[in-house]
Amino acid sequence: VGMPEEEVVTRLKKAAAAKKRAEKSADNAHKAFEVIVADALREGLKPAQAATLTGYSYETIRRIARAHDVEPLREPTVTSRKKAQPGGDSPA
């Protein structure tokens with residue numbers, strides 16, 4: 001009733017190849033985005049600003065910074081140290 005099997009297989013292979021290309025392209029774009037975010041942080045942009053400008057969460061920006069060895073922009077405060085401890089007052 002449908003297409004010949006050979007045509008179905010060909011279409012499936014083409015679709016799989018297209019999906020792999022799209023995934024690779026998306027992965028490359030994601031890596032480039034992370035590098036740009038890390039560079040912006042190194043230039044002095046605050047993580048909260050980066051989060052607002054990109055639409056990504058502060059936590060995502062923080063993870064990107066950590067993955068790219070971006071040093072903390074300032075020394076942690078007593079309050080932030082307490083929040084970072086297990087059982088701290090962190091809202092997360």
Side-chain angles (χ1 to χ4, degrees):
V1 176
M3 293 179 267
E5 184 178 342
E6 184 177 308
E7 189 174 338
V8 171
V9 170
T10 299
R11 288 182 63 198
L12 182 59
K13 286 181 179 181
K14 284 182 181 180
K19 184 176 184 300
K20 284 181 184 179
R21 285 192 303 274
E23 288 171 347
K24 184 174 182 175
S25 178
D27 186 48
N28 289 342
H30 180 74
K31 287 176 184 175
F33 170 76
E34 286 191 358
V35 168
I36 292 168
V37 168
D39 287 346
L41 295 172
R42 284 187 191 101
E43 291 297 320
L45 188 71
K46 294 183 181 196
Q49 288 175 292
T52 299
L53 292 169
T54 62
Y56 283 83
S57 71
Y58 179 84
E59 180 62 21
T60 297
I61 300 301
R62 189 188 65 75
R63 285 185 196 139
I64 290 170
R66 184 181 293 162
H68 289 268
D69 297 322
V70 176
E71 295 294 322
L73 301 176
R74 62 179 173 78
E75 288 299 313
T77 62
V78 172
T79 302
S80 66
R81 284 187 184 130
K82 286 181 182 178
K83 287 182 179 180
Q85 297 297 319
D89 294 335
S90 177

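Being a predicted model, the structure only gives us computed values, none of them experimental.
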Could you pull out all donor-acceptor pairs under 3.5 Å where a side-chain atom in residues 16-23 meets a protein atom, sequence neighbours excluded?
{"residue": "Lys19", "atom": "NZ", "partner": "Glu23", "partner atom": "OE2", "Å": "2.3"}

Worksheet, complete the sentence: NZ (Lys31) and CD1 (Ile36) are apart, to the nearest 0.5 Å, by 14.5 Å

Worksheet item: Do Glu7 side-chain atoms and Pro4 backbone N/O form a donor-acceptor pair below 3.5 Å?
Response: no

Response to the item:
Distance col, row Glu71:CD vs Leu41:CG, nearest 0.5 angstrom, shows 12.0 Å

Worksheet, complete the sentence: When every non-hydrogen atom of Tyr58 is compared with those of Pro47, the smallest separation belongs to CE1-CB, 3.2 Å

Practice prompt. Run the salt-bridge test on Arg42 and Asp39 with the 4.0 Å N-O cut-off and return the result as yes or no.
Written response: yes

Item to complete: Please indicate whether His30 has more than 12 foreign heavy atoms, meaning atoms of other residues, nucleotides or ligands, lying under 6.0 Å from its NE2.
Response: no

Worksheet item: So which heavy atom on Ala50 is nearest to which on Ile61, and how close?
Response: CB-CG2, 3.9 Å

Discussion item. Tell me the closest heavy-atom pair linking Val35 and His68, and the distance in Å.
Written reply: CG2-CE1, 4.1 Å

Fill in: Stepwise side chain to side chain contact (heavy atoms under 4.5 Å, CB included) check, Thr54 with Phe33
CA-CA 10 Å; Thr54 62; Phe33 170 76; 3.9 Å; yes

Discussion item. Using side chain to side chain contact (heavy atoms under 4.5 Å, CB included), reason through Val37 and Val70 one step at a time and then give a plain yes or no.
Written reply: CA-CA 10 Å; Val37 168; Val70 176; over 6 Å; no

Item to complete: Go through the structure and list residues passing side-chain hydrogen bond (donor to acceptor under 3.5 Å, both in side chains) with Ser57, not counting sequence neighbours.
Response: Thr60

